[in-house]
Amino acid sequence: MSRQGNWPVAHSNSRVVSSQPQALRPIVRGPTGIQTAFAPGTSGRYSNTNYIVLGMLIEKATGKSAEQEITNRLIKPLGLHHTSFPDNSVRIPGPHAHGYVRMNGPGSPLTDVTEENMSAASTAGSLISTTHDLNRFFSALIGGKLLPPALLHAMQGVKPLPGQSPYGLGIDRVTNAAYGTAYGHTGGTLGYTTYSYTTGDHSRQVTFSLNTMIDSAQIKTAVDKALTTLLSPPAT
């Protein structure tokens, strides 16, 4: 992965190819006549591009790559020993599940897409990690060990967004009568889906990964049930 970040490739045959976000740079530099989806401050919409831009801002502000800053400020201090940026490698270090995708839609054969160049995700999600490390990170974040109270409160100040859970500053909130409120994030890339949440009182955590993408109502129902079950306190 280059210091400038990378841009998603257009087709599945390019899973091992790296590309640069040349088209993104003029947008970041200033107005280009591109119409916005809504006026600033009036609504919101999740976009991976936002996180790629944040990575570029980190590089501009520090003079170092976003990968270096994230590694030095978060990964190393928190002892996330199995978390790393893969650069342009298509390999996943250590034991891991293989990821699968139905390339031609529902019902088509599953294709093994484990070997994938994640530079396309850049700072939107190119990290390789483990369930243990994700729990460790969110424990520190929700537990108030990473940010001053005012900044954590601002981060958790979620607002409703169309078609998704209430979203804050890089974090979302889920609520359920069984466990109350939990904060965390989901993530997905070709062949993998991850959920990681910590209850607001910091009493329970869950992180799990699927080796496929959520492409059916049946899988989504099963995932929602698993999240509720694992976050809920044991019956007494």
Side-chain angles (χ1 to χ4, degrees), residues 44 46 48 51 54 70-71 73-84 92-97 99 121 123-189 191-236:
Y46 181 89
N48 286 335
Y51 288 90
L54 281 174
I70 292 169
T71 299
R73 292 171 181 261
L74 293 172
I75 295 175
K76 288 182 177 179
L78 289 177
L80 307 181
H81 301 301
H82 302 288
T83 299
S84 62
I92 300 176
H96 58 274
T123 43
S126 64
L127 275 175
I128 294 174
S129 192
T130 63
T131 54
H132 176 273
D133 277 6
L134 283 173
N135 273 343
R136 190 176 182 91
F137 168 77
F138 276 109
S139 176
L141 177 63
I142 305 302
K145 297 178 181 179
L146 293 183
L147 297 173
L151 289 181
L152 180 59
H153 179 74
M155 190 177 190
Q156 293 176 315
V158 299
K159 298 183 182 300
L161 295 183
Q164 69 176 75
S165 302
Y167 202 74
L169 300 178
I171 199 169
D172 66 27
R173 183 186 70 195
V174 292
T175 57
N176 188 287
Y179 56 78
T181 299
Y183 294 93
H185 216 288
T186 61
T189 186
Y192 296 94
T193 304
T194 301
Y195 280 63
S196 188
Y197 286 93
T198 300
T199 55
D201 63 3
H202 203 219
S203 64
R204 294 182 69 79
Q205 283 188 290
V206 59
T207 296
F208 60 85
S209 178
L210 286 69
N211 62 339
T212 187
M213 305 177 77
I214 299 178
D215 57 3
S216 72
Q218 183 180 10
I219 295 177
K220 181 65 167 65
T221 298
V223 167
D224 289 343
K225 182 178 180 180
L227 183 66
T228 299
T229 301
L230 293 169
L231 280 177
S232 300
T236 56

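Since we're looking at a predicted model, the values are computed, not measured. In this chain, residues are counted from 1 in sequence order.
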Atom [atom1] of [X] and atom [atom2] of [Y]: how far apart are they, to the nearest 0.5 Å?
X     : Y     : atom1 : atom2 : value
Thr71 : Lys76 : OG1   : NZ    : 7.0 Å
Leu74 : Thr83 : CG    : OG1   : 10.5 Å
Ile92 : Ser84 : CD1   : OG    : 10.0 Å

For the residue pair [X] and [Y], what are the closest heavy atoms and their distance?
X      : Y      : result
Gly79  : Asp133 : O-OD1, 4.4 Å
Tyr192 : Ala97  : OH-O, 2.6 Å
His82  : Thr130 : CB-CG2, 3.5 Å
Ser209 : Thr194 : OG-OG1, 3.7 Å
Ala178 : Pro233 : O-CD, 3.4 Å

### Query
Does Ser129 reach the side chain of Leu80, with side-chain heavy atoms less than 4.5 Å apart?
no

### Task
Decide yes or no for Asp172 and Val158: does some side-chain heavy atom of the first lie under 4.5 Å from some side-chain heavy atom of the second?
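SC-SC contact between Asp172 and Val158 ruled out.
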
Determine all donor-acceptor pairs shorter than 3.5 Å in which one atom belongs to a side chain in residues 219-231; sequence neighbours excluded.
from   : atom 1 : to     : atom 2 : distance (Å)
Lys220 : NZ     : Asp224 : OD1    : 2.9
Lys220 : NZ     : Asp224 : OD2    : 2.8
Thr221 : OG1    : Ala217 : O      : 2.9
Thr228 : OG1    : Asp224 : O      : 3.1
Thr229 : OG1    : Lys225 : O      : 2.9

### Message
Around atom NE2 of His96, are there more than 12 heavy atoms from other residues, nucleotides or ligands closer than 6.0 Å?
### Response
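Yes - once you tally the heavy atoms of other residues, nucleotides and ligands closer than 6.0 Å, there are more than 12.
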
### Message
Using only atom types and a distance under 3.5 Å, with no angle test, would you say the side chain of Thr123 pairs donor to acceptor with the backbone of Tyr51?
### Response
yes

### Query
Okay, side chain of Thr199, backbone of Arg204: is any donor-acceptor separation there less than 3.5 Å?
yes

Residues 134-143 side chain polar contacts: donor-acceptor under 3.5 Å, at least two apart:
from   : atom 1 : to     : atom 2 : distance (Å)
Asn135 : OD1    : Thr207 : OG1    : 2.7
Arg136 : NE     : Leu78  : O      : 2.4
Ser139 : OG     : His202 : NE2    : 3.1

### Query
Thr193: what forms a side-chain contact (heavy atoms from CB on, under 4.5 Å) with it, not counting sequence neighbours?
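Once residues adjacent in sequence are excluded, the partners of Thr193 under the side-chain contact (heavy atoms from CB on, under 4.5 Å) criterion are Tyr195, Leu210, Met213, Ile214.
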
### Message
Testing Ile171, Thr198, Leu152 one by one against Tyr183 for a side chain to side chain contact (heavy atoms under 4.5 Å, CB included), which residue passes?
### Response
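Output: one option passes, namely Ile171.
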
